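Contents: one structure, followed by commentary.
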Amino acid sequence: MTKSKSYLAISLVLILIAGLLSGCFGGNSAAGTDEESGGNSDAVQLKFTYWGGPLEKDSIEALLKAFNDSHPNIQVKGQQVQGSYIEKMTTMASSKTLPDIGYFPEGSLPPWLESGAIKDLKPLFDSGEIGNKLKYSIFQYEENGPIAGSSVANEVTNIYYNKDLFDEAGVEYPPTKAEEAWTWDEFVEVAKKLTVDRNGKHPDEDGFDSKNIKTYGVNNFTYHYETILFSNDGGVVSEDGKDIILDEPETIEALQKMQDLMYVHHVMPTPANLSTIPNVDTALLTKRVAMNIDGHWALQELGKAKKEKNLKLGIGVLPKMKKAVTTSYGTPIVVFNNDNTKENWDETKEFLKFIMNPKNSLPLINGGLWMPNEESWYTDPDLIKEWTDTEIHPKEFKEAVIDWAMTNVRQNPNYYWGDRSEASQIISPGLDQIWTNKKSAEEVVNDVIMPKLKQKFGDKYQ
Amino acid sequence: MNIENIPLGNNRTRGTVKVKGINNIRRKEIFWGYFFTLPAILGLLIWTIGPMIASLYFSFTDYKVVGDFQWIGFQNYTEIFKNDLNFKKSLIVTFYFAIGSTIFTLAAALFVAILMNISVKGQSLFRTMFYLPVIVPAVASNILWLWLFNPDFGLLNSILDFVNLPKLMWIYDESTVIPSLILLSMWSCGGTALIFLAGLQDVPKQLLEAVEIDGGNWWHKFRFVTVPSISPVIFFNLIMGLIGSFQAFTQAYVMTEGGPNNSTLFYVFLIYREAFQKNNMGYASALSWILFLVILIFTLFIFKSSKSWVHYGGGK
């Protein structure tokens, strides 16, 4: 080996070693203490993490810019985390590089709030400083216990449908007023009229081919099954979070009726068929599905399809079993309990109030992705006009969504039940057996799910 | 694990007679030897041994990532064996997949290797084709297979339909999901096949000829010459395959999310869920050490058994 070659080899080895070691000591760069934001170097630096699609990213970045421009003493830097958000938070927590404030997946809140990693925001809510948020959108797991935050956006569940299919079948559109909601049987009848196989036959007709369905009357109930349980006075857990009511006859009846939608009435895709159903906008446009049960967030894609592809979009209230009811979803924005937010609590609070104020997230609200999180936006006609006077919000939106969200929401257990994710890991695989028609609802609940819940939680619930 | 039982034939350096002059050179050699292997050694220490020790420690604590943690002795372990609702099921599906996938992938790889060993026109083209799936990143190939497995318009069901067989639900049914995933791992057996191919080319030609002269057919050649000659390669592939499939994760993460009804809740996926989604890092560490022991026992068992069926050239 010539001398120059051996130097080359040695330096390569050294570089490799340096590279290895730098991984161990380079921890600070992950913390994202901001170097580039420019401006005032005395400004308080905050780091904000979020997820979401391109529209959400643009809107959040614009919101951050507006905030930074109007608050020269605070500089917030946004970081979009795409996919595996909670895994990323866990990793950051283990290296003590958590952001200061950010979105947080609601299912994982309880242990983080309990351990104090997420700050208790109860004082802000008690004093009304944060604004009059919708009551059902506040994350609080015990009576008078700590509050992790409230949903930055509200999302309620509705029927989203293609009017063309109703016109073709000569069926009336879904009701838009809660008090006129279809009964379950009326709903099934409509769904049957809208479901068509490849030969143009409906489910009740002779020779109907349930294996080759061209248009499904309805889709996506299994995702929103809980609202239907509520509608039959059932549910997974009672409203005070103290009893598991999954094994009540009302709950089992509602679960059975959803299984029947797929395997008796053939008006909804089975989980296996589901892979052949495109995204909701395409599904409605291509008439693969007539009615889609979905959260309000769907309006972003559907509104776009309405505007650009001339989708005849309609929105209706959900069918009812015993009462007309929906539920809500919504990601909270939480404050992480670290040195920076403790030291600069006023500045952190300032930003939290800013981002939680619907006025500052109007692009996301006008775009159909979010609904405002404050009551006044559902009652004050001027404010309602401000957020729904767009090309994408249909005429019936006021009745079918706004009034619906004000008066017919039963609070989602996500907001108050601390054992939610633990229980879901038992319940969801069990429900799979209902949705795939392996067993009846009663068998699954009584023989599969309940014994396991009992084993998991002992006598905690009755 | 030392798989290098195959004599390399050249052990001269190790047996060097101690002569003063050579000793200096030897010492230098040792220094540079260690120096040049330092990146690998450091990498192993920092990124493998270190975390392993840390996880062993954490497995005796209630480490939840956020907040403090305490030493709780064997509590995590007793919890796993007594109260974990998913542990048993997860272990069963992992065994099912690991054993099934190892056996079928080995068989497929050996078959493909024998095909690749036949000298035909375009041999290298065929070899490339069989190896190609290995180059495709796991996630990409999983997503590809998601389409193939599609019950309504997937290729596999179209084929079944074409030959008038009933359609299958593939990964959407509890009973067919593991066999489906085994099929997927058979598809990417090219890497294993390549190692077999190398082994096949070392099968002594004179022995094969001897069988022919004695009137043996292809089966005799395969059973009594080929298999014994490549038994070290089978041994190697068996161990690597088993370890790899015990650690299956991507399929569950990308394709099935552990479902339907937990029937693909692979053990590593369970660990991942506990550690990164539920924050039970201590508990997940305990789970991982149990997996480590399971794999260790299996590997040792195969090593023990290998004495009776693995033949090394030159020995015996």
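All chains are named by letter (A, B, ...) in the order of the sequence lines, taking the proteins before the strands, and each is independently numbered beginning at 1. These numbers were taken from a predicted model, which means no experiment stands behind them.
Residue contact with chain B, scored on non-hydrogen atoms closer than 4.5 Å, involves the backbone and the side chain of A:I10 alike. Contact of A:T91 with chain B is made through the side chain alone, with heavy-atom distances under 4.5 Å. With a 4.5 Å cut-off on non-hydrogen atoms, A:E422 touches chain B through its side chain but not through its backbone. Heavy atoms of A:T270 lying under 4.5 Å from chain B are absent altogether. For B:W32, the part lying under 4.5 angstrom from a heavy atom of chain A is the side chain only. The contact between B:Y253 and chain A is made entirely by side chain atoms (from C-beta outward), counting heavy-atom distances below 4.5 Å. Interface residue A:S94: backbone and side-chain heavy atoms are both found under 4.5 Å from chain B. If you measure heavy-atom distances from B:Y63 to chain A, the contacts under 4.5 Å come from the side chain alone. Looking at A:K88, there are no atoms closer than 4.5 Å to chain B (heavy atoms on both sides), in backbone or side chain.
Between A:K439 and A:V448, some side-chain heavy-atom pair lies under the 4.5 Å cut-off.
Between A:D459 and A:K454, at least one side-chain N (NZ, or NE/NH1/NH2) sits under 4.0 Å from a carboxylate O, which counts as a salt bridge. In summary, A:D419 and A:K460 engage in a salt bridge, as defined by a charged side-chain N under 4.0 Å from a carboxylate O.
Of the residues listed (B:F95, B:F266, B:F97), the one engaging B:F246 in a ring pair (Phe, Tyr, Trp, His ring centres under 6.0 Å) is B:F95, and it is the only one.
Contact tally against chain B (heavy-atom pairs below 4.5 Å) for A:L14, A:I17, A:L16: the top residue is A:I17. Top candidate by heavy-atom pairs under 4.5 Å with chain A, chosen from B:L85, B:D68, B:L265, is B:L85.
In this structure, a donor-acceptor pair under 3.5 Å is present between the side chains of A:N338 and A:T341. Counted by atom type alone, B:W170 and B:N157 present one or more donor-acceptor pairs between their side chains at under 3.5 Å. B:S55 and B:S285 share no side-chain donor-acceptor pair at under 3.5 Å. With 3.5 Å as the limit, one finds a donor-acceptor pair spanning the side chains of A:D100 and A:N340. Side-chain N/O atoms of B:N83 and A:Q455 include no donor and acceptor closer than 3.5 Å.
Annotation: residues 273-282 of chain B contacts chain A through B:R273, B:A275, B:F276, B:Q277, B:K278, B:N279, B:M281 [non-hydrogen atoms, separation under 4.5 Å]. Close approach to chain A, defined as a heavy atom under 4.5 Å from one of its heavy atoms, is seen in B:Y172, B:D173, B:E174 of residues 172-179 of chain B, taken by number.
Within the model, atoms OH of A:Y225 and CD1 of A:I434 stand 9.0 Å from one another, a figure rounded to the nearest 0.5 Å. The structure places CG of B:N76 at 8.5 Å from CG of B:L287, a figure rounded to the nearest 0.5 Å.
Remark: aromatic rings of B:Y77 and B:F60 are close, center separation under 6.0 Å. Ring centroid separation for the pair B:Y272 and B:F249 comes in under the 6.0 Å cut-off. The ring of A:Y141 has its center no closer than 6.0 angstrom to the ring center of A:W417.
Under a 3.5 Å cut-off, the side chain of A:T195 and the backbone N or O of A:G217 do form a donor-acceptor pair.
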